[in-house]
Amino acid sequence: MRKILLTLLLSASLGVSFADNANKPTVEILATGGTIAGTASSQTSTIYKAGSLTAEQLIASVNGLSDLANIQYAQVYNKDSGDITLNDWLHLASEVQKAADNPKINAIVITHGTDTMEETAYFLDLVIKTNKPIILVGAMRPATSMSSDGPLNLYNAVAVAIDKQSSSRGVLVAMNEKIFDSRNVTKTNTTEA
Ligand code: ASP
């Protein structure tokens, strides 16, 4: 009885209701690194290290994410996307397929560096078998930047992931308030967010 009461009190103080949890979709965030998880020594520095924040830190930095969905996450790897190897790709594909095959997961969001995001999006589009939404997202400025674009991009990616219209569309990229098809997306700008 004490345990039940404590659980109820805790969930009330966290603003989580059991009914809400059951009604909300569940999104698995698979973190792979990139600028979205990058950190610099100051808010204005243009020199930073991609793939520094953990999945947990990245998710914690986005206000309101848990209002949209039940969030689960896994750190697949944490690197600059220019350093991704074939083995990393195969490992990511198997984690994505595992999440897609899990009946408790409704959609998948992958945080990724933008340098090779288009290659990963197209690769996953070819090899993953699912109707569930799969959304890749990144950022042009590191997480520590004064004008970091990562948190809003990640919030929007989860919003796209839980939208019914995102099902059966293959892999999508959601960035800068736009949604791109994995077959046609190309990085054309290395500075603008
Ligand atoms: N070098 C970074 C990466 O691809 C660039 C970015 O994420 O925008 O990991």
Side-chain angles (χ1 to χ4, degrees), residues 27-69 71-96 99 107-125 133-161 171-182 184-193:
V27 174
E28 169 101 341
I29 297 180
L30 297 174
T32 71
T35 296
I36 193 167
T39 56
S41 56
S42 83
Q43 283 193 317
T44 50
S45 174
T46 52
I47 299 163
Y48 65 94
K49 186 177 177 305
S52 297
L53 290 189
T54 62
E56 191 175 4
Q57 291 169 320
L58 198 55
I59 291 162
S61 73
V62 185
N63 289 332
L65 214 49
S66 55
D67 296 335
L68 292 179
I71 303 292
Q72 294 186 12
Y73 61 86
Q75 186 81 55
V76 183
Y77 37 83
N78 206 3
K79 45 170 76 179
D80 188 297
S81 75
D83 297 332
I84 288 175
T85 64
L86 273 179
N87 278 341
D88 290 333
W89 250 17
L90 294 176
H91 177 43
L92 176 63
S94 99
E95 290 301 307
V96 174
I108 299 148
V109 168
I110 303 163
T111 59
H112 199 284
T114 62
D115 288 348
T116 62
M117 186 181 283
E118 65 200 64
E119 285 84 359
T120 299
Y122 187 51
F123 165 66
L124 293 176
D125 191 67
I134 301 174
I135 318 294
L136 268 87
V137 62
M140 295 304 289
R141 292 188 285 270
T144 47
S145 163
M146 196 183 281
S147 59
S148 170
D149 49 327
L152 180 61
N153 280 348
L154 182 52
Y155 183 91
N156 285 341
V158 171
V160 171
V171 175
L172 300 173
V173 171
M175 273 196 61
N176 309 336
E177 293 161 35
K178 293 184 184 66
I179 305 166
F180 304 91
D181 174 72
S182 60
N184 299 310
V185 66
T186 310
K187 178 172 177 176
T188 55
N189 197 312
T190 56
T191 52
E192 301 269 319

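The main-chain N or O of Ala139 is never found under 3.5 Å from a side-chain atom of Asn153 such that the two would form a donor-acceptor pair. Under a 3.5 Å cut-off, the side chain of Ser148 and the backbone N or O of Ser145 do not form any donor-acceptor pair. Between the side chain of Ser81 and the backbone N or O of His112 there is no donor-acceptor pair closer than 3.5 Å. In this structure, the side chain of Asp125 engages the main chain of Val171 through a donor-acceptor pair within 3.5 Å. In this structure, the side chain of Ser42 engages the main chain of Thr44 through a donor-acceptor pair within 3.5 Å. At least one donor-acceptor pair under 3.5 Å links the side chain of Glu118 to the backbone N or O of Lys187. With Asn78 contributing its side chain and Leu53 its backbone, the two residues share a donor-acceptor pair below 3.5 Å.
Note that NE2 of His91 and CG of Leu86 are 14.5 Å apart. Values are rounded to the nearest 0.5 Å. Atoms CG and OG1, on Asp80 and Thr114 in that order, are 9.0 Å from each other to the nearest 0.5 Å. Residue Leu90 holds its CG atom at 12.0 Å from CD of Glu95, rounded to the nearest 0.5 Å. In this structure, Met117 CE and Ile84 CD1 are separated by 9.5 Å, a value rounded to the nearest 0.5 Å. Taking CG from Asn189 and CE from Met140, the interatomic distance works out to 6.0 Å, rounded to the nearest 0.5 Å.
For Glu119, the CD atom counts as densely surrounded, since its 6.0 Å shell holds more than 12 non-hydrogen atoms of other residues, nucleotides or ligands. For CG of Asn63, the number of neighbouring non-hydrogen atoms (other residues, nucleotides, ligands) closer than 6.0 Å is 12 at most.
Contact check for Val27 versus Gln72: no side-chain heavy atoms found under the 4.5 Å cut-off. Side-chain contact between Leu136 and Leu172: absent, with no pair of heavy atoms (C-beta onward) separated by less than 4.5 Å. The shortest side-chain heavy-atom distance between Thr111 and Leu30 does not fall under the 4.5 Å cut-off. Counting heavy atoms from C-beta on, the side chains of Tyr73 and Glu56 come closer than 4.5 Å. Side-chain contact between Leu58 and Ile36: present, with at least one pair of heavy atoms (C-beta onward) separated by less than 4.5 Å. The side-chain heavy atoms of Val137 and Val173, taken from C-beta on, include no pair separated by under 4.5 Å. Considering only heavy atoms from C-beta on, Thr186 stays 4.5 Å or farther from Phe180 through its side chain.
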Query raised in the report: So Thr144 and Gln43, side chain to side chain contact (heavy atoms under 4.5 Å, CB included) or not? Walk me through it.
Result: CA-CA 6 Å; Thr144 47; Gln43 283 193 317; 5.9 Å; no

Query - Evaluation steps, side chain to side chain contact (heavy atoms under 4.5 Å, CB included), between Asp149 and Asn176 - result: CA-CA 8 Å; Asp149 49 327; Asn176 309 336; 4.2 Å; yes

Report task. For Val76 and Ile110, run side chain to side chain contact (heavy atoms under 4.5 Å, CB included): C-alpha distance rounded to whole Å, both residues' side-chain angles, the deciding distance at 0.1 Å, then the answer. Result -> CA-CA 10 Å; Val76 183; Ile110 303 163; over 6 Å; no

Report task. Report the C-alpha distance between Leu92 and Leu124 in whole Å, list the side-chain angles of each, state the deciding distance to 0.1 Å, and finish with yes or no for side chain to side chain contact (heavy atoms under 4.5 Å, CB included). Result -> CA-CA 9 Å; Leu92 176 63; Leu124 293 176; 4.2 Å; yes

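Closest non-hydrogen pair, Pro151 versus Ser61, comes out as CB-O, 4.2 Å. The minimum heavy-atom distance between Pro142 and Gly38, with the atom names listed, is CB-O, 3.4 Å. For the residue pair Leu65 and Tyr155, the shortest heavy atom distance occurs at CD1-CA, 3.8 Å. Summarising the geometry of Ala55 relative to Ala74, their closest heavy-atom pair is CB-O, 4.3 Å, with the distance given to 0.1 Å.
No hydrogens or angles considered: a donor-acceptor pair under 3.5 Å links the side chains of Asn184 and Asp181. Looking only at atom types and distance, the side chain of Thr35 has no donor-acceptor partner in the side chain of Arg141 under 3.5 Å away.
A salt bridge links Lys79 and Asp88; the closest N-O separation between the charged side-chain nitrogens and carboxylate oxygens is under 4.0 Å.
Below 30°, between 30° and 60°, or above 60°: for Trp89 and Phe123 the angle between ring planes is below 30°, a parallel geometry.
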